[in-house]
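Here you go, one structure.
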Amino acid sequence: NASYKVTVVGSGNWGSVAAKLIASNTLKLNSFHDEVKMWVYEETLPNGDKLTDVINQTNENVKYLPGIKLGKNVVADPDIANAVKDANMLVFVTPHQFMEGICKRLEGKIKEEGVQAISLIKGMEVKKEGPCMISTLISEKLGVNCCVLMGANIANEIAVEKFSEATVGYREDEEVAERWVKLFGTPYFQVSAVQDVEGVELCGTLKNVVAIGAGLVDGLDMGNNTKAAIMRIGLREMKAFSKLMFPSVKDSTFFESCGIADVITTCLGGRNRRVSEAFARNGGKRSFDELEAELLQGQKLQGVSTAREVYEVLSHRGWQELFPLFTTVHKICIGLLPPSAIVEYSEHTPNFS
Ligand code: NAD
Ligand code: 13P
């Protein structure tokens, strides 16, 4: 008999695809209730309709994932407290900058016992003490165990069921990790679990900064070798940063879908890359905010704010010179350096083992 009830907190591009994946599985797996709730940050569409109503009437998120049926067992709800109140499996998938506020709204609203969470959110917060991963924020604010799921997962491709892989990162409880693997996995979405929550989450978070670098290279028409160099240097900085922050991070995690594979797909086809290319083509004269609004129409970039957050950590510790790519990307984003600076440091890169 069904013991698990799932709520997806978030309904953007990836949030909607995650709901679709999960809803296809809850219908097949006896241990899960069929219905999947999805919290929607309510919006009024240009014709005056509420997004939530349209999702429930058409079974489609017409703004963030048009043309894809989510599954009739997905029920959209604009009331966050109501959406989570019966759930014992919470899936968090919103842009990272909104999570602090969302956690505040959820305090005291979730079930008191037996709740597990997973974060699909690529990003982090920076506190005085250093970086705070989003899974940690969720754990601390809501008092729940929180796994992560990251990977080479451009949402629009998974929406049309093209084959891809993903990585679940867990802390201790392998059984819980396997439950998440079951909930997400399909023949076209292969999920595996590794015991390295920080490593998996930092991979997903930091690759967005590398993707901004790759987009600049595209906007400057510098070619494939240059882009491959940015991806290699970026991966090396991702590994070095992760291990300095959390010595427990495993080398092998960088070879999972959440590591090298996500760097590749995001640098080839992601939104961060796309907006960054436009930034470089405009010679850095139009801001990322303006280009994001124009090109993504409500979807959110994570790379620019993550570059700033990483830079805050680096400057606090005096580590800027150890991370020339991360540092340069941030300085280009805020207009302190021109886009062409993306390749001007590489001969000075330090040699991390
Ligand atoms: P999105 O960028 O498509 O959409 C933005 C979402 O934010 C919308 O649902 C919007 O309603 C909501 N929003 C706007 N203002 C808000 C506010 N003030 N408070 C709360 N919500 C607000 O979202 P997404 O693609 O689902 O991204 C969510 C996370 O998933 C991000 O961390 C992203 O890096 C990650 N991710 C995305 C993809 C992808 O291909 N889209 C793939 C893997 C991971
Ligand atoms: P973008 O946000 O750059 O589109 O990256 C999506 C992603 O995380 C792919 O795994």
Side-chain angles (χ1 to χ4, degrees), residues 122-124 131 150-152 198-246 249-277 279-280 284 288 301-315 317-334 336-353:
K122 293 175 175 172
M124 66 186 190
M150 308 277 145
E198 285 92 2
V200 174
E201 194 167 5
L202 274 160
C203 277
T205 298
L206 297 171
K207 64 86 195 178
N208 284 333
V209 182
V210 184
I212 298 282
L216 296 170
V217 165
D218 285 345
L220 297 164
D221 291 320
M222 298 182 101
N224 293 330
N225 293 341
T226 310
K227 192 146 119 181
I230 294 299
M231 288 158 73
R232 185 193 74 82
I233 296 165
L235 189 64
R236 195 173 64 173
E237 291 194 14
M238 285 166 56
K239 180 169 157 234
F241 184 89
S242 304
K243 293 191 128 203
L244 278 171
M245 289 298 145
F246 299 97
V249 165
K250 296 174 179 165
D251 286 357
S252 55
T253 299
F254 296 86
F255 292 95
E256 299 289 343
S257 178
C258 63
I260 176 78
D262 200 8
V263 170
I264 293 171
T265 201
T266 312
C267 289
L268 296 182
R271 301 169 298 184
N272 285 285
R273 187 219 65 82
R274 183 167 162 227
V275 178
S276 180
E277 176 182 6
F279 179 83
F288 271 96
L301 278 188
Q302 308 285 276
V304 173
S305 49
T306 303
R308 185 188 66 240
E309 286 146 1
V310 168
Y311 186 81
E312 274 176 48
V313 175
L314 297 181
S315 55
R317 296 174 192 229
W319 288 348
Q320 293 99 314
E321 284 183 11
L322 292 175
F323 295 91
L325 177 66
F326 288 168
T327 300
T328 303
V329 166
H330 170 65
K331 289 187 173 166
I332 294 171
C333 289
I334 60 169
L336 268 183
L337 289 174
S340 58
I342 191 64
V343 288
E344 281 164 15
Y345 58 82
S346 48
E347 60 269 51
H348 307 303
T349 49
N351 212 357
F352 290 110
S353 57

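Numbers here simply count residues along the sequence, with the first being 1. All values below were derived from every heavy atom in this structure, side-chain atoms included, with hydrogens, water molecules and symmetry-related copies excluded. From a predicted model like this one, the values you see are computed outputs, not experimental measurements.
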* For Ile230 and Leu325, what are the C-alpha separation, side-chain angles and deciding distance, and is it a side-chain contact (heavy atoms from CB on, under 4.5 Å)? -> CA-CA 8 Å; Ile230 294 299; Leu325 177 66; 4.2 Å; yes
* Structure fact -> For Lys207 and Thr266 the tightest heavy-atom approach is NZ-OG1, 3.0 Å
* Might you point out which heavy atoms bring Phe255 and Ile260 nearest each other, and give the distance in Å? => CA-CG2, 3.9 Å
* Which atom names give the shortest non-hydrogen contact between Ala307 and Val329, and what distance separates them? -> CB-CG1, 4.1 Å
Can you list, pair by pair, the side-chain donor-acceptor contacts under 3.5 Å of residues 211-220, counting residues two or more places apart and other chains?
from   : atom 1 : to     : atom 2 : distance (Å)
Asp218 : OD1    : Lys227 : NZ     : 3.3
Asp218 : OD2    : Lys227 : NZ     : 2.8
Asp218 : OD2    : Arg273 : NH1    : 2.7

* Asked: Under 30°, 30 to 60°, or over 60°: which ring-plane class applies to Phe241 and Phe326, parallel, tilted or perpendicular?
  -> perpendicular
* **Other residues, nucleotides, ligands: >12 heavy atoms within 6.0 Å of Asn224 CG** => no
* **With sequence neighbours excluded, residues passing side chain to side chain donor-acceptor pair (under 3.5 Å) with Glu256** => none
* Would you say the side chain of Thr205 lies within less than 4.5 Å of the side chain of Met150, judging by non-hydrogen atoms? -> no
* **Spacing of CE belonging to Met231 relative to CD1 belonging to Ile264, to within rounding of 0.5 Å** => 5.0 Å
* May I ask you to decide if Asn208's main-chain N or O and Gln302's side chain share a donor-acceptor pair within less than 3.5 Å? => no
* Asked: OG/Ser315 to CZ/Phe323 distance, rounded to the nearest 0.5 angstrom?
  -> 12.5 Å
* To do: Determine, step by step, whether Leu337 and Glu344 satisfy the side-chain contact (heavy atoms from CB on, under 4.5 Å) criterion, reporting the C-alpha distance in whole Å, the side-chain angles of both residues, the deciding distance to 0.1 Å, and the verdict.
  => CA-CA 10 Å; Leu337 289 174; Glu344 281 164 15; over 6 Å; no
* Is a donor on one side and an acceptor on the other found under 3.5 Å between the side chain of Ser257 and the backbone of Ala152? -> yes
* Please report the shortest heavy-atom distance between Met124 and Glu309, naming the atom on each side. => O-OE1, 3.0 Å
* Structure fact -> Smallest heavy-atom separation, Met238 atom then Cys203 atom, equals CE-O, 3.6 Å
* Given side-chain contact (heavy atoms from CB on, under 4.5 Å), test Trp319 with Thr327 step by step and report yes or no. => CA-CA 9 Å; Trp319 288 348; Thr327 300; over 6 Å; no
* Asked: Would a 4.5 Å heavy-atom cut-off, applied to side chains only, mark His330 and Glu312 as touching?
  -> no
* Roughly how far apart are Leu202 CG and Lys122 NZ, rounded to 0.5 Å? -> 13.0 Å
* **Derivation and outcome, side-chain contact (heavy atoms from CB on, under 4.5 Å), residues Glu237 and Val209** => CA-CA 10 Å; Glu237 291 194 14; Val209 182; over 6 Å; no
* Which atoms form the tightest heavy-atom contact between Thr328 and Pro324, and what is the distance? -> OG1-O, 2.6 Å
